[in-house]
Q: 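Structure in structure tokens, see below.
One-based numbering along the sequence shown.
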Amino acid sequence: LGAAVEQLAGFTARRSGIKVTTDIDYPIRNAIDPIVFGVVRELLSNVVHHSQAETASVMLGITDEMCVLTVGDDGVGVNGETMARRLGEGHIGLASHRARVDAAGGTFVFLEAPTGTHVYVEVPLKA
């Protein structure tokens with residue numbers, strides 16, 4: 001997963017012109033990896049298409065038997081009202097990934113930030 005996220009971040013930066021930094025310490029393979037990769041892919045896609053950001057960051061690691069992911073950008077940001085409107089318009093990308101995280105026993109939250117959008121995701125590692 002770590003290598004795949006690193007590659008995706010590099011690809012996103014090259015195709016969008018957004019500077020994407022990574023901090024990845026995830027040296028394992030786990031059954032939840034496809035769920036987490038899907039979340040990263042969707043979040044970076046949203047950065048490219050909606051944020052008007054100049055920079056973004058992806059942090060991926062393991063803390064207390066949890067896969068921990070944060071993705072942030074310095075763009076225009078998003079709030080609950082915007083998310084509800086987008087869902088009503090049929091944009092279900094993030095909602096479907098959030099449902100997968102929830103089903104795996106994890107957490108998917110938008111963090112309060114002065115600028116941009118910052119998302120925190122944690123999913124328990126499967127034994």
Q: May I ask you to decide if Leu8's main-chain N or O and Thr12's side chain share a donor-acceptor pair within less than 3.5 Å?
A: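 Side chain of Thr12 to backbone of Leu8: a pair is present.
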Q: Return the set of residues passing side-chain hydrogen bond (donor to acceptor under 3.5 Å, both in side chains) with Thr21 (not counting sequence neighbours), or none when no residue passes.
A: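 Testing Thr21 for side-chain hydrogen bond (donor to acceptor under 3.5 Å, both in side chains), a comparison that skips the adjacent residues, returns none.
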Q: Grouping I, L, V, M, F, W and Y whenever their side-chain heavy atoms are under 4.5 Å apart, do Ile24 and Leu125 come out in a common cluster?
A: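 Hydrophobic grouping puts Ile24 with Leu125.
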Q: Is Leu111 reachable from Met66 through a run of I, L, V, M, F, W or Y residues, each pair having side-chain heavy atoms under 4.5 Å apart?
A: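 Looking at the clustering, Leu111 is in the same group as Met66.
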Q: So how far is it from Asp73 CG to Thr55 OG1, rounded to the nearest 0.5 Å?
A: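 So the CG of Asp73 and the OG1 of Thr55 are separated by 7.5 Å.
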Q: For His50 and Asn46, indicate whether the former's side chain and the latter's backbone hold a donor-acceptor pair under 3.5 Å.
A: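 Checking the backbone N and O of Asn46 against the side chain of His50, no donor-acceptor pair under 3.5 Å is found.
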Q: Looking at Glu54, is its backbone amide N or carbonyl O close enough to the side chain of Asp74 to form a donor-acceptor pair, meaning the two atoms are under 3.5 Å apart?
A: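 Yes; at least one donor-acceptor contact below 3.5 Å.
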Q: Applying a strict under-4.5 Å side-chain criterion to I, L, V, M, F, W and Y, I'd like to know whether Val40 and Ile62 cluster together.
A: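 Same hydrophobic cluster.
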Q: With the side chain counted from C-beta on, respond yes when Val58 and Leu69 share a heavy-atom pair under 4.5 Å apart, and no when they do not.
A: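 Val58 reaches Leu69 side chain to side chain.
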Q: Examine Met59 and Leu43 and state if one hydrophobic cluster contains both, with Ile, Leu, Val, Met, Phe, Trp and Tyr joined whenever side-chain heavy atoms are less than 4.5 Å apart.
A: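 No: no chain of side-chain contacts under 4.5 Å links Met59 to Leu43.
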Q: Can you name the closest pair of heavy atoms from Asp33 and Ile28 and give their distance?
A: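 Taking Asp33 first and Ile28 second, the nearest heavy atoms are OD2-O, 4.1 Å.
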Q: Looking at Ser51 and Ala53, would you say the former's side chain and the latter's main chain have a donor-acceptor pair under 3.5 Å?
A: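 Yes, the answer is positive, given that a donor and an acceptor are paired below the 3.5 Å cut-off.
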Q: Using every non-hydrogen atom in the two residues, find where Leu60 and Gly2 come nearest and quote the distance to one decimal.
A: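 So the minimum-distance heavy-atom pair works out to CD2-CA, 4.2 Å.
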Q: Heavy atoms, side chains only, cut-off 4.5 Å: are Arg15 and Val48 in contact?
A: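 They are in side-chain contact.
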Q: Provide the closest heavy-atom pair for Val101 versus Glu122 in the form atom of the first, atom of the second, distance.
A: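 Taking Val101 first and Glu122 second, the nearest heavy atoms are CG1-O, 4.2 Å.
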Q: Quick check: are there more than 12 heavy atoms from other residues, nucleotides or ligands sitting under 6.0 Å from CD of Gln7?
A: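 No, because the 6.0 Å sphere around CD of Gln7 holds 12 heavy atoms or fewer from other groups.
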Q: Hey, could you give me the CG/CZ distance between Asp102 and Phe108, rounded to the nearest 0.5 Å?
A: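 The CG atom of Asp102 sits 9.0 Å away from the CZ atom of Phe108.
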Q: Taking atom CD1 of Ile35 and atom CG of Leu1, what is their separation to the nearest 0.5 Å?
A: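 CG of Leu1 is found 11.0 Å from CD1 of Ile35.
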Q: For a quick test of reading the model, state the closest non-hydrogen atom pair linking Pro124 to Ile32 and the distance between them.
A: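 Heavy atoms of Pro124 and Ile32 come nearest at O-CG2, 3.6 Å.
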Q: Any idea which heavy atoms bring Val109 and Arg98 closest together, and the distance?
A: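 Result for this residue pair: CA-NH2, 4.4 Å.
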Q: I would like to know whether Phe11 and Leu44 meet side chain to side chain contact (heavy atoms under 4.5 Å, CB included); could you show each step before the answer?
A: CA-CA 10 Å; Phe11 174 75; Leu44 286 177; over 6 Å; no
Q: Would a single hydrophobic cluster contain both Phe37 and Val119, if residues Ile, Leu, Val, Met, Phe, Trp and Tyr are joined by side-chain heavy-atom contacts under 4.5 Å?
A: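 Both belong to a single hydrophobic cluster.
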Q: Could you check whether atom NZ of Lys19 has more than 12 heavy atoms from other residues, nucleotides or ligands sitting under 6.0 Å from it?
A: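 Atom NZ in Lys19 is not packed in, count stays at 12 or less.
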Q: Looking at every heavy atom in both Cys67 and Tyr26, which two are closest together, and how far apart are they?
A: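 Heavy atoms only, the tightest pair is SG-CE1, 3.7 Å.
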